[in-house]
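Contents: one structure, followed by commentary.
Counting starts at 1 for both ligands and their atoms, following the listed order.
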Amino acid sequence: MKVLVINSGSSSVKYQLIETSFELIEQDADHAIARGSVERIGTSSAVHTYRPAGRDKVSVVKEILEHRVAIAEIIETLTAPETGVIREAAEIEAVGHRMVHGGEKFTHSALCTAEVVQEIEDCCELAPLHNPHNLRGYHAARQILPDVPHAAVFDTSYHQTMPQHAYLYGLPYVLYTRHGIRRYGFHGTSHRFVGWRSRKLLGRPREETRLITCHLGNGASICAIDHGRSVDTSMGFTPLEGLLMGTRCGDLDPAVIFYVMHKEDLTEYEASTMLNKHSGLFGVSGVSNDMIELEKAEAQGHERARLAIDIFCYRVKKYVAAYAAAMGGVDAVIFTGGIGENSSIVRARSMAGLEFMGASIDPAGNEAAVKGREVDISTPDAKVRTLVIPTNEELIIARDTLRLVKGKLQPTG
Ligand code: ADP
């Protein structure tokens, strides 16, 4: 089955056309036939980058003012006689949509019936920066491909297995019952994917495996996975909590916010912008939110770039050790995401000092890890394995869409 996977943001649509089936999943052979993105939607210089598998990428700049036009452009490109990978749109049998927030309602992925779409709309209040844009992509795609099933795959649903003591804040309980104030967690499809891949790599059944997955990108979160189920994760009510991120502060004493608002005379909006856009690696270093740039600056002796990387790695280490304690042990720590997959410096610094719990990485293996490959970077005698596994959230979305369409959705994980 060919599934079009769509990840719609405020001014962008990322997509993959994925060939999948139960037979292909069994052989681990389902794959993207083409992928791409339309960025800067809403301008006369939107950029459509298209990569058909095994062929050169093509970039086109044109006026694209709405998501609907972007998706029409994507379908046109996928079916174009010269550059296309399918003959007609009818070959697309289903569409899978990334949805950020499913609240407590969605513990699994779901087919987009009118009722489900309404329930996703109800979750917009919890994720005003994400869900409305995800839904805009859904409505546009539904208009263009009205006759095929559409499915929603949520970033939050994998974490719905967290126990109450992990997801509740120490606030008046009534805030939870009245307003749903609790920790939800995000990046669920990524944690789920690398958790599943690592069990395969380790050759262990899910019932006997305790994992800590570190998704480190511009946004970053860590997840404790026991028996294939998320039991804790570092992001909370919103993706602001937890690790230091590209521009987000992560864990913070909430009293700081009131103090700074008063001292700097900030509005609520300005304070939120400071925490979400001007903090993190960028805010600490004053150089960049980009780890590649920070590593370069550190190598040239930039002190605050070094400090930003140190804070980043220190928090990763703290969460890894905390989650090992939460699960009463751990079998493997997994690194994924742009930074986790590519930065040997971050992996080495984050894992340094965790030898006491049986984790030690081999410096040569860590340095030699090849981009895009799954690799074990532990020393041979390490009791806790350290793995690098490239994430593939789109594959999970395509597989869940297939299972929903065929009526065979498995429990998450
Ligand atoms: P997003 O959360 O936006 O999906 P990504 O997962 O693509 O982010 O990760 C982007 C981050 O990965 C950036 O900070 C980037 O600098 C970092 N990164 C990518 N390649 C490397 C590399 N070779 N070395 C260090 N950091 C890298």
Side-chain angles (χ1 to χ4, degrees), residues 5-16 35-37 39-40 49 51 98 100 127 129-130 133-134 155 185-194 213-223 233-235 238-250 276-300 302 304-313 315-316 334-351 366-373 375 377 388-397:
V5 174
I6 289 182
N7 179 356
S8 169
S10 58
S11 62
S12 69
V13 174
K14 295 183 185 137
Y15 65 95
Q16 288 196 14
R35 66 185 74 204
S37 63
E39 312 268 353
R40 298 165 55 102
T49 308
R51 294 184 177 83
R98 180 203 179 192
V100 167
L129 301 178
H130 296 100
H133 307 304
N134 301 156
D155 272 25
F186 298 87
H187 288 144
T189 40
S190 178
H191 292 298
R192 183 177 153 201
F193 178 79
V194 298
T213 49
C214 310
H215 178 107
L216 310 179
N218 274 318
S221 70
I222 301 197
C223 182
T233 191
S234 59
M235 282 178 168
T238 73
L240 192 53
E241 191 180 338
L243 300 174
L244 194 75
M245 299 176 226
T247 58
R248 295 179 216 149
C249 61
N276 281 287
K277 300 255 169 40
H278 300 159
S279 298
L281 292 169
F282 173 70
V284 173
S285 70
V287 174
S288 172
N289 63 318
D290 190 296
M291 190 57 84
I292 297 180
E293 296 304 319
L294 290 176
E295 288 183 0
K296 275 190 211 151
E298 181 187 27
Q300 289 160 6
H302 196 291
R304 270 171 46 203
R306 181 193 56 74
L307 182 61
I309 300 176
D310 279 348
I311 297 175
F312 184 92
C313 297
R315 284 211 192 162
V316 173
I334 296 103
F335 284 90
T336 194
I339 298 173
E341 290 168 34
N342 298 304
S343 173
S344 55
I345 292 176
V346 167
R347 292 192 299 256
R349 250 183 245 180
S350 304
M351 296 302 287
N366 183 35
E367 283 299 325
V370 177
K371 193 177 166 68
R373 292 261 179 85
V375 49
I377 57 169
V388 181
I389 299 189
T391 195
N392 195 339
E393 292 162 284
E394 291 77 11
L395 201 62
I396 289 271
I397 296 175

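Side chains of H187 and T233: no donor on one and acceptor on the other come within 3.5 Å.
Taking CZ from R248 and CG from L243, the interatomic distance works out to 11.0 Å, rounded to the nearest 0.5 Å. Residue I396 holds its CD1 atom at 6.5 Å from CZ of F193, rounded to the nearest 0.5 Å.
Using a 4.5 Å heavy-atom cutoff, the side chains of Q16 and N7 are not in contact.
Within 6.0 Å of CZ in R306 there are more than 12 heavy atoms belonging to other residues, nucleotides or ligands.
Within 4.0 Å of ligand 1, protein heavy atoms belong to G217, N218, G219, N289, D290, M291, I292, E295, G337, G338, I339, N342, S343, listed by chain and number.
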request  = Take K14 and E39 through the test side chain to side chain contact (heavy atoms under 4.5 Å, CB included) and record every step on the way to the result.
outcome  = CA-CA 8 Å; K14 295 183 185 137; E39 312 268 353; 4.2 Å; yes

